[in-house]
Structure formats: structure tokens, C-alpha cells
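Some notes on the structure that comes next.
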Amino acid sequence: LKEENAVLRSKINKLQILSETQADKMRKLEKKLEENKIKEEKEAQDLEAMVQHVEQNLQLMTKRAVKAENSAAKLRQENALLQAELRNSKLELEALRAAQAGLAAAKQNAEVALQHLLQVTTSSRASIRQLLSGAESLQLVADLLKSIDRISEVSEDGQ
């Protein structure tokens, strides 16, 4: 019986040692489980924070995209207005060039007319000089005729 008791005590000791070892393993595993839970909670919080950050960024990007689309629409409208202004400016430029060409032709015509007027003026002056010269000659002849009349009147009286 003593032997059996000793064997049983030995088995009990072994079982107690095994139980303590398993209890230690159990405590270590529980501790590790608790650490893993804490780690997972922290990761979940970090993941939630990251998701919120991504959502905020997405909202911000959406606002920026809407703003960019509005800006692009305004720029397209402004571009259309500028294109219309450019077409109108080109038409005005063409009209101005045509008017300038007309003015150039009118200027050339005026220049030709001026040259003709100058020629007419010069020839008119020459004709007026000739007329004045002729009038002076006629005046001289008239004066001579008057003198001859006086001379003939004096000779008739004196005869």
C-alpha cells in the first residue's frame, strides 16, 4: 500500500506539476489573448480613424471636383464669349481694312484731283497773264487811238 501510495503521490505530484504547467500556459495564453484583444481594438480604432480620414478626403475631393467642374463650365462659357468677340473683331478688322482701302483709293483720287487742280491753276494763271497782257495792249492801242483822234482834231482845227 505504501508503494501504491507513493506511486499515487508521485502521480499526483506529476499531475500537480502538469496542472501548474498547464495553468501557467493558460495564464500566458490568456495574457496573450488579452494583448491580442487590445492590439485588435487599437487596430480597429486605427482602421476606423483611417476610414474616417479617407471619407473626409473623399468628401474634400468631391467638393474640389464639383468646384473644378463649375470652374470648367465658366471657362467654357468665357471661351465661347471670347471666341465670339474674336470673330467680331476679325469682321471689324476686315471692315476697317476695306474702309482703309477705300480711303486709300479716295486719297489717291484726291491726290490726282489735286494735281489736276494745280495744273488748271497754273494754266489759268498763265491765261490770266496773257489776258492782262492783251488787255494792257488793248489799252495802249485805245490810248493811241485817242491820241490820234486828238491829233487829227487839232490838225483840223489848225488848218
Side-chain angles (χ1 to χ4, degrees), residues 1-140:
L1 228 103
K2 282 187 180 182
E3 252 183 57
E4 219 178 283
N5 244 357
V7 169
L8 285 175
R9 276 190 190 154
S10 168
K11 281 187 181 180
I12 289 176
N13 279 339
K14 284 181 184 177
L15 284 175
Q16 281 179 343
I17 292 172
L18 184 63
S19 175
E20 284 176 11
T21 306
Q22 286 181 350
D24 278 345
K25 278 185 180 180
M26 183 85 134
R27 281 191 292 266
K28 287 179 183 177
L29 286 173
E30 285 175 349
K31 185 178 177 183
K32 194 165 191 169
L33 181 64
E34 190 63 33
E35 287 173 356
N36 283 343
K37 279 184 183 178
I38 292 171
K39 185 178 176 183
E40 283 180 11
E41 284 177 11
K42 185 176 181 338
E43 286 176 356
Q45 288 173 353
D46 289 346
L47 187 59
E48 182 64 29
M50 191 168 68
V51 166
Q52 287 177 354
H53 185 69
V54 166
E55 285 175 351
Q56 288 174 349
N57 283 345
L58 185 60
Q59 288 174 351
L60 219 123
M61 288 170 59
T62 303
K63 285 180 184 176
R64 285 182 184 161
V66 167
K67 201 174 188 180
E69 286 175 7
N70 290 338
S71 179
K74 285 180 184 177
L75 288 173
R76 280 192 290 275
Q77 287 176 343
E78 190 174 328
N79 187 22
L81 288 173
L82 289 173
Q83 290 291 334
E85 282 183 32
L86 178 62
R87 281 190 297 277
N88 289 339
S89 294
K90 284 181 179 178
L91 291 174
E92 284 180 28
L93 180 61
E94 287 176 20
L96 285 173
R97 284 185 178 154
Q100 188 177 19
L103 284 174
K107 184 178 177 182
Q108 187 177 5
N109 289 342
E111 193 69 33
V112 168
L114 176 63
Q115 292 302 319
H116 286 299
L117 280 174
L118 288 173
Q119 287 173 358
V120 168
T121 303
T122 304
S123 78
S124 295
R125 283 187 180 152
S127 294
I128 289 171
R129 282 189 197 113
Q130 285 177 349
L131 282 172
L132 284 174
S133 174
E136 286 174 3
S137 296
L138 286 175
Q139 184 67 43
L140 183 62

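- No more than 12 heavy-atom neighbours from other residues, nucleotides or ligands sit within 6.0 angstrom of CD on E3.
- No side-chain heavy atom of L75 sits under 4.5 Å from any side-chain heavy atom of N79.
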For N70 and V66: C-alpha separation, side-chain torsions, deciding distance, then whether side chain to side chain contact (heavy atoms under 4.5 Å, CB included) applies.
CA-CA 6 Å; N70 290 338; V66 167; 3.8 Å; yes
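- At distances below 3.5 Å, not a single donor-acceptor pair connects side-chain atoms of S133 with backbone N or O atoms of R129.
- Contact record, E69 with R76: O-NH2, 4.5 Å, taken as the closest heavy-atom pair.
- In this structure, R97 CZ and E94 CD are separated by 8.0 Å, a value rounded to the nearest 0.5 Å.
- Salt bridge D24/K28: absent, no basic N to carboxylate O contact under 4.0 Å.
- Each of E34, M26, K32 was evaluated against E30; a single residue qualifies, M26, per the side-chain contact (heavy atoms from CB on, under 4.5 Å) test.
- With rounding to the nearest 0.5 angstrom, the CG atom of L33 is 10.0 Å from the CD1 atom of I38.
- The side-chain contact (heavy atoms from CB on, under 4.5 Å) test with K39 singles out one residue from E43, K37, K42, E35, and that residue is E43.
- At least one donor-acceptor pair closer than 3.5 Å links the side chain of T121 to the backbone N or O of L117.
- Looking at L60 and Q56, their side chains never come closer than 4.5 Å, going by heavy atoms from C-beta outward.
- Inter-residue side-chain proximity for L47 and M50 is flagged as met; some heavy-atom pair is nearer than 4.5 Å.
- Once rounded to the nearest 0.5 Å, the distance linking CG of L114 with CG of N109 reads 12.5 Å.
- For the atom pair CD of E41 and CD of E48, the computed distance is 13.5 Å after rounding to the nearest 0.5 Å.
- Judged purely by atom type and a 3.5 angstrom limit, S71 has no side-chain atom pairing as donor or acceptor with the backbone of K67.
- If you take NZ on K14 and CD1 on I12, they are separated by 12.5 Å, rounding to the nearest 0.5 Å.
- Residues H116 and Q119 meet the side-chain proximity criterion, which asks for heavy atoms closer than 4.5 Å.
- Atom CD of Q22 is separated from atom CG of L29 by 11.0 Å, given to the nearest 0.5 angstrom.
- Side chains of T21 and I17 form a contact here, defined as non-hydrogen atoms less than 4.5 Å apart.
- R27 and E20 get closest at one heavy-atom pair: NH2-O, 4.5 Å.
- Within a 6.0 Å sphere centred on CD of Q108, other residues, nucleotides and ligands contribute 12 heavy atoms or fewer.
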